[in-house]
2 protein chains.
Amino acid sequence: MQSGTAPPSLKSLAAALGLSTATVSRVLSGQGERYRISRVTRDRILAQAHGSGLVVDQLARSLRLRRTLTLGLVIPDISNPFFAQLARQIERHARHRGYAVFIADSEEDAAVEAQAVTLMLSRQVDGLILAPVGTPGTGAALHALRQRPCVLVDRLLPEHSLPAVSSDHRQGAVLAVRHLVERGHRRIACVQGSPGTFANDERIAGWRSGMQAAALACPDWLIRGSGYSIEAGVAAAHELLQLPQRPSAVLALGNLLALGVLRAVREAGVLIPDELSLVAFDDQLWATVTSPPLTIIEQPIEELGRQVLELLLERIAGPMNDPPERRILPARLIERGSVRSLAPIPPASCNPSP
Amino acid sequence: MQSGTAPPSLKSLAAALGLSTATVSRVLSGQGERYRISRVTRDRILAQAHGSGLVVDQLARSLRLRRTLTLGLVIPDISNPFFAQLARQIERHARHRGYAVFIADSEEDAAVEAQAVTLMLSRQVDGLILAPVGTPGTGAALHALRQRPCVLVDRLLPEHSLPAVSSDHRQGAVLAVRHLVERGHRRIACVQGSPGTFANDERIAGWRSGMQAAALACPDWLIRGSGYSIEAGVAAAHELLQLPQRPSAVLALGNLLALGVLRAVREAGVLIPDELSLVAFDDQLWATVTSPPLTIIEQPIEELGRQVLELLLERIAGPMNDPPERRILPARLIERGSVRSLAPIPPASCNPSP
DNA sequence: TTGTAAGCGTTATCAC
DNA sequence: GTGATAACGCTTACAA
């Protein structure tokens, strides 16, 4: 047995220095002052620790402390740019606070989601951030979610009453509709994502509300699509283009759906914005280089990330019992080139006064 | 003291059943057969476990087993679609094999990267997947990387001789140049990412090799840009457009750079492909809806993810000493609409036979 | 100012 | 077939 190559550990370090593990632990965990460890031993320990490249085992530490400094993040699709950007913000803030973060992709599948949550819970994460699949009746994760602090993001779960952060999907849709109405559009269609899902339904509600505010009809046949994929967007757009009463504008409720609409429109030889106007949810880097550049509803992703982490850390620190807080952040419209003005400024000049 | 609400644990379950923790552990870890636990106790334990929703504490388990079933993934920018898609694949495969994965965004910063690696190492990950920042001389993570299995992806570190998986950046660039040359282009410029970085330099090397194969000059002034951001792409493209000897084609070495080129070209009122041809690295969902759709070099992201995980699990299972394996996967060119043919098919029809 | 020892929740070794 | 019990590497009363 070669004893020279013991894996660096607090214990081995103590042995090498002829000190007790207690003393070493106290210094390494920054409690040297509190325990009045002498300057010299403190320095000896620190020097040796750096020299040997010692990294204290957080596993053992966590077991003892009942706290892992670890968070879990479960999102429906990492490769969706919206969620990718969100994940980036969350991880960055978490790292700055000393937390490591587990990530999982639920693939928009409630079973996978439940499995991922369990996996993280078993690793004793201190808290969980969840952008739930959220198809109704998906309470599989329910039992688990009560055990540890958990904050929802983007999509709320009406049934669960958990704290949550999301952008104001409804107001965003209202903004879009108003923008279109002001430019003379009357028949405004929706290409939706997953019906039954919080964000989607809120956006639909916003569309309804915006239409009604303009005294416009909002029949169900103006709503098409199901699922947040490009293909779904293509299909929905094709349906809309073939309508006898073709809409003059389309509101796409997701960035992938917008891509689908663009693709369908190109296939059909329809021109944007000349023959069809388009407003889409979620700003993307590519939204300025499509032709035309897309007018979009932007969600404050950075702020969403910041606040959801803040809220989670609050829940971890404080009591979990207080009424679940919900933070709704405003969306805003960014005007680019995909909307045509049908009714130009009231043609006063063409209307000779009597 | 209320003893009724003990947190569900292997121990509490054993107590409730009047069994020893040993027995319960054996059953719960699937070793019931091996230890010849009787059918009845086995069933009793399983039933109780499911009933109480017990999730065994992987923390304690890992401490004992010296194995966490946890991996670490460090990438330079989660919101870059290439890395987002890669992360998705890796996480998915890891999950299927029972591994949880830590993610971190190194922000293209070697110090952040080192910090993230340490964070994960301290959590005793079984292995690490790293897309290193890779600016030369970035050996900060070095000491750590020898301690645990680690596989590089996308960018190799010549200095470190670690196992790695990446696409064939060089061959991809050769493909692009050949495609352009075949269509009559002679002055082909490069908009590069971070010089000194593996992927970037390989692509530049491929460009050189392709140019030389066609007996074309490849002066340094045809290479512009530094950094993988859109802004860098815009700046580089502007420089190229103002050149007295303006190139007829541009090779963008990253998807964000391609966006930058598109933006710059639009600002300058230059038409693609009529006045400038463009080939870009990395396929993206939006690459078909730009105008024109982009001709691109596609990396096999799914396969990269699959193989890097496979390689890592091999290293975890087997000995770490064998020579570090490197897998280089071929890239391919997808032709769309951003390249113009300068030399049309030999005009035989206009060339009346004698 | 430092050491001793119990314990975090699990698994493996040895008994019976 | 099952149960004691000693680790795993760390923290923290309690002693000294």
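Bear in mind that the values here come from a model prediction, so they are computed numbers and not experimental data. So that the names make sense, note that chain A is the first sequence line, chain B the second, and so on, each numbered from 1.
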The side chain of A:Arg26 is closest to which nucleotide in this list: D:dT2, C:dT4, D:dG9? C:dT4
B:Leu157 versus B:Phe198: any side-chain heavy-atom pair under 4.5 Å? no
Return the nearest nucleotide to the side chain of B:Leu10; candidates are C:dT11, D:dT11, D:dG3. C:dT11
Taking atom C1' of C:dT10 as reference, at what distance in whole Å does atom CZ of A:Arg123 sit? 14 Å
Indicate, yes or no, whether a donor-acceptor pair under 3.5 Å links the base of C:dT10 to the side chain of B:Arg64. no
B:Lys11 side-chain proximity, nearest of C:dT10, D:dG3, D:dC10: C:dT10
How close or far is atom P of D:dG1 from atom CG of B:Leu17, stated in whole angstroms? 18 Å
Judged by nearest nucleotide, the residue sitting upstream toward the 5' end of DNA chain C, B:Gln31 or B:Ala60, is B:Ala60
Round to a whole Å and report the spacing from CZ of B:Arg34 to P of D:dG1. 15 Å
Min side-chain heavy-atom separation A:Val24-A:Lys11 under 4.5 Å: no
Out of D:dG9, C:dT11, C:dT2, which nucleotide sits closest to the side chain of B:Leu63? D:dG9
How many Å lie between CG on B:Leu13 and P on C:dT11, as a whole number? 12 Å
For the pair A:Arg42 (side chain) and A:Val27 (backbone), establish whether a donor and an acceptor sit closer than 3.5 Å, ignoring hydrogens and angles. no
Please check the phosphate of D:dT2 (OP1 and OP2 only) for any side-chain N or O of B:Thr23 closer than 4.0 Å. no
Could you check A:Ser194, A:Ser166, A:Pro76 and say which one makes a side-chain contact (heavy atoms from CB on, under 4.5 Å) with A:Arg155? A:Pro76
pair B:Arg95-B:Arg97: side-chain heavy atoms closer than 4.5 Å: no
Is A:Arg42 near enough to C:dT1 that one of its side-chain N or O atoms lies under 4.0 angstrom from OP1 or OP2? no
To the nearest angstrom, the CG-C1' distance between B:Leu28 and C:dT11 comes to 12 Å
When we call it a touch if two heavy atoms are under 4.0 Å apart, what does A:Ser9 touch: a base, just sugar-phosphate, or nothing? sugar-phosphate
Return the CZ to CD distance between A:Arg327 and A:Gln307, rounded to the nearest 0.5 Å. 5.0 Å
Whole Å only: how far is the CZ atom of B:Arg67 from the C1' atom of C:dG9? 17 Å
Is there a side-chain polar atom (N or O) of B:Arg61 under 4.0 Å from OP1 or OP2 of C:dT11? yes
Are B:Arg92 and A:Asp105 close enough for a salt bridge, meaning some N to O gap below 4.0 Å? no
Minimum-distance nucleotide (side-chain atoms of B:Thr21 versus C:dG9, D:dT5, D:dC10): D:dT5
Rounding to an integer number of Å, can you tell me how far B:Leu65 CG sits from C:dG9 P? 17 Å
What contact category does B:Thr41 fall into here, base, sugar-phosphate, or nothing, at under 4.0 angstrom with non-hydrogen atoms? sugar-phosphate
Find the bend of the helix from C:dT1-D:dA16 to C:dC16-D:dG1 as the angle between its two terminal axes (five pairs each), to the nearest 10°. 40°
Is the phosphate of D:dG1 approached by B:Ser38 (side-chain N or O, under 4.0 Å from OP1 or OP2)? no
Are more than 12 heavy atoms from other residues, nucleotides or ligands located less than 6.0 Å from atom CD of A:Gln31? yes
Please tell me if B:Ser25 has a side-chain N or O lying less than 4.0 Å from either OP1 or OP2 of C:dT10. no
Is any side-chain nitrogen or oxygen of A:Ser62 closer than 4.0 Å to OP1 or OP2 of D:dC10? no
Base, sugar-phosphate alone, or nothing: which one does B:Gly32 contact when heavy atoms must sit under 4.0 Å apart? nothing
Please determine whether a side-chain nitrogen of the Lys or Arg among B:Asp57 and A:Arg66 lies less than 4.0 Å from a carboxylate oxygen of the Asp or Glu. yes
Would you mind reading off the distance between B:Leu59 atom CG and C:dG9 atom P, rounded to a whole angstrom? 10 Å
Quick check on C:dT1: is either OP1 or OP2 less than 4.0 Å from any side-chain nitrogen or oxygen of A:Arg36? yes
Closest to the 5' end of DNA chain D, once A:Val55 and B:Tyr35 are matched to their nearest nucleotides, is B:Tyr35
Per atom distances to the B:Asp57 side chain, the nearest of C:dG3, C:dT10, D:dG9 is C:dT10
Choose from C:dT1, D:dT2, D:dT12 the nucleotide whose nearest atom is closest to any side-chain atom of B:Ile37. D:dT2
